[in-house]
Colleague: 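Here's a structure for you.
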Amino acid sequence: MNDRSGRITVHELSKQFGSVVAVDGVSFSVEPGAVTGFLGPNGSGKTTTLRMILGLVTPTAGGAQVNGGPYAELPEPARVVGAVLEAQGFHPARTARNHLLACAAAIGVPDAAVDHVLTSVGLGQDADRAVRGYSLGMRQRLALAVALLGDPQILILDEPGNGLDPEGIAWMRAFLRGFAGQGRTVLVSSHVLAEVEQTADHLVVISRGRCVFQGPLAQLRGSRRARVLVWCSSPVQLAEALARTGILEIDTLPDGRLGVAGADPVHIGNVALGAGVAIYGMVEEKIDLEQLFFQLTATPWGAG
Ligand SMILES: Nc1ncnc2c1ncn2[C@@H]1O[C@H](COP(=O)(O)OP(=O)(O)OP(=O)(O)O)[C@@H](O)[C@H]1O
């Protein structure tokens, strides 16, 4: 089965290792033409999910499909999916070129593909050096080159930012965006929202083996209403006065300020004036995605 859609679908996927429930009924889909960030804290089940998509771990329940069928049933899997799950154990004495030539032979692609992928990942100059002299970032690029050998439609990367310096991270981001820009599919895991924030169009967030959010990044940003934080002489009086004008989403912050959603500073100032409450300061709250991610993944079965 290969419908060439470039779509990954995961349905009610679960995996239990003894008494550990690593993945617990996760469902999501990953579409072509976009970068999908697969986010969750350490141990939340990301790697196990990716391994199940790739047929490396047998699910306890549910299933995953790549191009309309199980990965194991794809006729030429390396031409459909390129995956980098962990910094591979490359033979230290081998050059990158020789390593890639061996991989190319194993999956039946012509040697010419080797030069192409070496250039794509920026290792052209270092192709004939032994891998033992490679930095971690260069090894990551080599692992990516292996994944690209079959000119796959889909890339699956597990924490590709690990060990990369800022320049390497910027390069990886641009590469993944370019790959998705060709209409291909990218699924990239991370435990740091900031790492995928600038790359991902879509997010799938898991926590303790369960999916707590999936959708466009912009939707996550918009899921929390912007608030105005108000420092005033009488928070209770101001909250009551605002409520009389229909503004009901008001929280009291630990520092005594009010967090008011659904009203602009002009309205709040006018209401305060009418109620005889002195305003000492107002700021529009910045939506902190990292904090939202933390809130999503900190509560046991989060809000989705
Ligand atoms: N082969 C295994 N045997 C037993 N437990 C496992 C196995 N693989 C994973 N686990 C457990 O399943 C849970 C999920 O692990 P997993 O590696 O999928 O999480 P993760 O989100 O990828 O974490 P990280 O970000 O740390 O890589 C963890 O509690 C882990 O200890």
Side-chain angles (χ1 to χ4, degrees), residues 8-30 35-66 70-72 81-89 136-137 139-140 143-144 146-147 154-165 168-169 172-173 176 185-200 202-215 217 220 289-304:
I8 302 170
T9 52
V10 169
H11 184 67
E12 293 292 326
L13 196 62
S14 296
K15 181 66 188 180
Q16 199 159 343
F17 295 106
S19 61
V20 177
V21 180
V23 179
D24 191 7
V26 163
S27 300
F28 60 87
S29 65
V30 181
V35 176
T36 299
F38 188 32
L39 271 175
N42 290 130
S44 54
K46 302 181 297 294
T47 303
T48 306
T49 302
L50 297 182
R51 293 178 75 86
M52 287 193 280
I53 292 171
L54 294 165
L56 299 169
V57 166
T58 309
T60 310
Q65 297 194 324
V66 178
Y71 176 88
V81 183
V84 182
L85 288 191
E86 59 217 26
Q88 268 90 346
L136 184 54
R139 284 164 203 256
Q140 296 270 42
L144 181 59
V146 174
I154 299 170
L155 259 185
I156 297 180
L157 308 175
D158 196 10
E159 306 259 0
N162 277 357
L164 291 185
D165 58 15
I169 289 174
M172 182 67 81
R173 275 188 188 136
L176 297 181
T185 311
V186 178
L187 177 60
V188 54
S189 83
S190 178
H191 61 279
V192 190
L193 176 65
E195 207 169 271
V196 295
E197 197 185 332
Q198 292 174 41
T199 322
H202 283 261
L203 286 184
V204 174
V205 182
I206 66 166
S207 172
R208 297 179 178 87
R210 290 201 172 189
C211 189
V212 293
F213 175 85
Q214 67 168 307
L217 185 60
L220 182 62
L289 271 186
E290 200 64 51
Q291 203 174 342
L292 270 181
F293 172 54
F294 182 72
Q295 283 169 5
L296 270 175
T297 55
T299 42
W301 306 122

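Everything numeric in this text was worked out from a predicted model, so none of it was measured. Ligands are counted one by one from 1 in listed order, and the atoms in each one are counted from 1 as well.
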Colleague: When rounded to the nearest 0.5 angstrom, what distance separates CZ in Phe213 from OG in Ser207?
Modeller: 14.5 Å
Colleague: Which ligand 1 atoms, with their elements, are less than 4.0 angstrom from a heavy-atom of Asn42?
Modeller: 23 (O), 24 (P), 25 (O), 26 (O)
Colleague: When you compare the side chains of His191 and Glu159, does any donor N or O come within less than 3.5 Å of an acceptor on the partner?
Modeller: yes
Colleague: Right, does atom 5 (N) of ligand 1 have protein non-hydrogen atoms nearer than 4.0 Å?
Modeller: yes
Colleague: What is the closest protein heavy atom to atom 8 (N) of ligand 1, and at what distance does it sit?
Modeller: Phe17 CE1, 3.3 Å
Colleague: With rounding to the nearest 0.5 angstrom, report the CG to CE distance, Leu54 to Met52.
Modeller: 11.0 Å
Colleague: Could you measure the distance from the CG atom of Leu176 to the CG atom of Leu144? Nearest 0.5 Å is fine.
Modeller: 7.5 Å
Colleague: Counting non-hydrogen protein atoms only, what is the nearest one to atom 17 (O) of ligand 1? Give residue, atom name and distance.
Modeller: Thr47 CB, 3.7 Å
Colleague: Given side chains that start at C-beta, do those of Phe17 and Thr48 come closer than 4.5 Å, heavy atoms only?
Modeller: yes
Colleague: Decide yes or no for Thr36 and Ile8: does some side-chain heavy atom of the first lie under 4.5 Å from some side-chain heavy atom of the second?
Modeller: no
Colleague: Let me confirm one number: the CD-CD1 distance from Gln140 to Ile169, rounded to the nearest 0.5 Å.
Modeller: 10.0 Å
Colleague: Would you say ligand 1 has an N or O under 3.5 Å from any N or O of Thr49?
Modeller: no
Colleague: Look at atom 30 (C) of ligand 1 and say which protein heavy atom is nearest, naming residue and atom and giving the distance to 0.1 Å.
Modeller: Val20 CG1, 4.9 Å
Colleague: If you have a sec, work out which protein heavy atom is nearest atom 12 (O) of ligand 1 and how many Å separate them, to one decimal?
Modeller: Ala22 CB, 3.2 Å
Colleague: With atoms numbered from 1 as shown, which atoms in ligand 1 lie under 4.0 angstrom from a non-hydrogen atom of Pro41?
Modeller: 21 (O)
Colleague: For ligand 1, which atoms have a heavy atom of Thr48 less than 4.0 angstrom away?
Modeller: 9 (C), 15 (O), 16 (P), 18 (O)
Colleague: Would you please determine whether Gly43 falls within less than 4.0 Å of ligand 1 on a heavy-atom basis?
Modeller: yes
Colleague: Counting each atom of ligand 1 from 1 as listed, which ones have a heavy atom of Ser44 under 4.0 Å away?
Modeller: 19 (O), 20 (P), 21 (O)
Colleague: How long is the gap from CZ on Phe28 to OG1 on Thr49, to the nearest 0.5 Å?
Modeller: 6.0 Å
Colleague: Out of Arg51, Lys46, His191, whose heavy atom sits nearest atom 25 (O) of ligand 1?
Modeller: Lys46
Colleague: For the atom pair NZ (Lys46) and CG (Leu187), what is the distance rounded to the nearest 0.5 Å?
Modeller: 12.0 Å
Colleague: For Glu159, take its heavy atoms, then give the atoms of ligand 1 lying under 4.0 Å from any of them.
Modeller: 25 (O)
Colleague: So, regarding Gly45 and ligand 1 (criterion: nitrogen or oxygen to nitrogen or oxygen, under 3.5 Å), is there a contact or not?
Modeller: yes
